[in-house]
Amino acid sequence: LIASHTLLDVLRHIKHRLNDSQTNIKPVALDAIVHILRALESISVAKALKVISFELVGAIQDNKKAMREKVIKALDDSV
C-alpha cells in the first residue's frame with residue numbers, strides 16, 4: 001500500500017480520536033492506525049508518521065496503562 005493523499009487524510013482524521021474524551025474510542029483509533037501502518041510500504045511509513053507522530057507521542061501520557069503500552073508497541077512496530 002502506498003501513502004496517497006486520501007490515505008493521509010484518513011490518518012489525519014483518525015489521529016484526532018487518540019485524544020478523544022470517550023476512552024473506548026482511543027484503542028479503536030490506535031488499532032486502525034496500526035493496521036494502516038503495517039499495510040504501508042516502508043517508504044510510505046515515514047510519510048504517515050509525519051502526519052500522526054505528534055498525537056502518538058501525546059497518547060503515551062494516557063491514564064490507562066493498556067493504552068500507553070499499545071502506543072509504545074505501535075511506535076516500536078512502525079520504526
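We number each residue from 1, following the sequence as shown. Predicted, not measured: the structure shown is a model, and the values here were computed from it.
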Got [X] and [Y] here, is their nearest side-chain heavy-atom distance under 4.5 Å?
| X | Y | result |
| --- | --- | --- |
| Glu41 | Val45 | no |
| Ile43 | Ile2 | no |
| Leu11 | Lys15 | no |
| Lys70 | Asp31 | yes |
| Leu18 | Ile25 | no |
| Ile52 | Leu37 | yes |

**Prompt:** Can you list the residues that meet the salt bridge (charged side-chain N to carboxylate O under 4.0 Å, His left out) rule with Lys50, with sequence neighbours excluded?
**Reply:** none
**Message:** Arg12: which residues meet the salt bridge (charged side-chain N to carboxylate O under 4.0 Å, His left out) condition with it, sequence neighbours left out?
**Reply:** Asp9
**Item:** With sequence neighbours excluded, residues passing side-chain contact (heavy atoms from CB on, under 4.5 Å) with Thr23
**Value:** Lys64
**Request:** Look at the side chain of Arg68 and the backbone N and O of Asn63, then say whether any donor-acceptor pair between them is shorter than 3.5 Å.
**Result:** yes
**Message:** Looking at Leu40, is its backbone amide N or carbonyl O close enough to the side chain of Ser44 to form a donor-acceptor pair, meaning the two atoms are under 3.5 Å apart?
**Reply:** no
**Request:** Please name the residue in the list Asn19, Asp20, Asp62 that meets the side-chain hydrogen bond (donor to acceptor under 3.5 Å, both in side chains) test with Lys26.
**Result:** Asp62
